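Have a look at the structure below before the remarks.
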Amino acid sequence: FFRLASLHNTIGYCYGEIHQHQRAWALNLRSEEIARQQMEEYPLGRHLYAELLAQASVNLMENLFDQRKVEAAWDRMESFKLESRSKDYDLFRYRWETRTNYLAAQILLHKNELSRAETFIQDGLDKARRQNTKKREGCFLRLLGEIQTRRNETENAIRNMGEAISVLK
């Protein structure tokens with residue numbers, strides 16, 4: 001029972017990865033609902049359920065972005081940013097905040113807001129390196145290379161894309 005939100009979220013994430021967005025949405029939405037309920041019912045475990053809620057929320061945002069519902073993803077992100085200011089989210093913030101920053105950078109790239117995207121990328125890259133999360137570091141380096149490509153900064157783009165490949169290997 002206490003891991004039910006996690007189970008729904010994990011299965012929803014898997015469906016999202018294979019582009020079955022409706023199934024992913026339903027499972028992640030249910031995970032979010034269960035986590036909110038458990039935060040209320042079990043105050044001593046609020047930080048655990050807040051982390052589950054955050055992961056489900058990021059999955060829902062990614063799902064919207066993958067379906068090209070960019071504004072809906074951005075709106076959900078902005079709303080969650082306000083909600084997650086609570087200390088309940090602090091203990092495991094490092095687990096989901098870089099995912100949120102990565103998605104924010106992708107959305108801003110989609111909107112062609114390169115300077116704002118670069119801010120998220122640099123912040124995310126710094127955090128990923130401090131936390132030694134190679135997957136995120138490589139992803140942020142790839143996005144940085146994409147920005148540099150759009151700006152015709154070819155040498156920097158090639159260097160960062162090469163570093164991304166090296167890190168992700």
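Please read all numbers here as calculations on a predicted model, not as lab measurements. Every heavy atom of this structure was used, including side-chain atoms; hydrogens, water molecules and symmetry mates were not.
- Using a cut-off of 4.0 Å between Lys/Arg side-chain N and Asp/Glu carboxylate O, Arg36 and Glu32 are scored as salt-bridged.
- Residues Leu91, Phe92, Tyr94 make up the rest of the hydrophobic cluster containing Leu48, defined by ILVMFWY side-chain heavy atoms closer than 4.5 Å, directly or through other members.
- Across Ala117 and Ala105, no two heavy atoms sit closer than the pair CB-O, 3.8 Å.
- In the model, Gln67 has a side-chain atom that pairs as donor or acceptor with a side-chain atom of Asn63 under 3.5 Å.
- Taking 4.5 Å as the limit, some side-chain heavy atom of Leu53 sits within range of a side-chain heavy atom of Glu83.
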Exercise for the section: Could you go through the side-chain contact (heavy atoms from CB on, under 4.5 Å) check for Ser6 and Thr10 one step at a time? Expected result: CA-CA 6 Å; Ser6 182; Thr10 302; 4.1 Å; yes

Practice task
Step by step, work out the side-chain contact (heavy atoms from CB on, under 4.5 Å) result for Arg93 and Ser84.
Solution key: CA-CA 9 Å; Arg93 186 176 300 278; Ser84 65; 4.0 Å; yes

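- In the hydrophobic clustering, Leu82 connects to no other residue, as no ILVMFWY side-chain heavy atoms lie under 4.5 Å from its own.
- Between Asn9 and Asn59, some side-chain heavy-atom pair lies under the 4.5 Å cut-off.
- Judged as a side chain to side chain contact (heavy atoms under 4.5 Å, CB included), and not counting sequence neighbours, the contacts of Thr133 are Ala128, Gln131, Arg136.
- Using a 4.5 Å heavy-atom cutoff, the side chains of Leu109 and Leu114 are in contact.
- Residue pairs meeting the ring-ring contact (aromatic ring centres under 6.0 Å, His included) criterion with at least one member in residues 101-131, sequence neighbours excluded: Tyr102-Phe140.
- Residue Lys135 qualifies as open at atom NZ: its count of foreign heavy atoms under 6.0 Å is 12 or below.
- Within the structure, salt bridge (Lys or Arg N to Asp or Glu O under 4.0 Å) contacts touching residues 46-61 (residues at least two apart or in different chains) are Glu40-Arg46, Arg46-Asp88, Glu51-Arg95.
- The minimum heavy-atom distance linking Lys134 with Val167 is given by the pair O-CG1, 3.3 Å.
- Listed by first then second residue, pairs satisfying ring-ring contact (aromatic ring centres under 6.0 Å, His included) with a partner in residues 32-56 read Phe2-Tyr42, not counting sequence neighbours.
- Glu62 is linked by a side chain to side chain donor-acceptor pair (under 3.5 Å) to Arg99, counting only residues two or more places apart in sequence or in another chain.
- Taking 4.0 Å as the cut-off between side-chain N and carboxylate O, Arg159 and Glu155 do not count as a salt-bridged pair.
- Residues satisfying the side chain to side chain contact (heavy atoms under 4.5 Å, CB included) test with Leu168, not counting sequence neighbours, are none.
- Among all heavy-atom pairs drawn from Ala24 and Gly16, the shortest one is CB-N, 3.5 Å.
- Through direct or relayed side-chain contacts under 4.5 Å between Ile, Leu, Val, Met, Phe, Trp and Tyr, Leu29 connects to Trp25, Leu60, Leu64.
- Here Ile158 sits alone; no ILVMFWY side chain lies under 4.5 Å from its own, so it joins no hydrophobic cluster.
- Each ring-ring contact (aromatic ring centres under 6.0 Å, His included) pair with one or both residues in residues 145-169, not counting sequence neighbours, would appear here, but there are none.
- Partners of Arg23 according to the salt bridge (charged side-chain N to carboxylate O under 4.0 Å, His left out) rule, which considers only residues two or more places apart in sequence or in another chain, do not exist here.
- The nearest pair of heavy atoms linking Glu113 to Arg116 is OE1-NH1, 2.7 Å.
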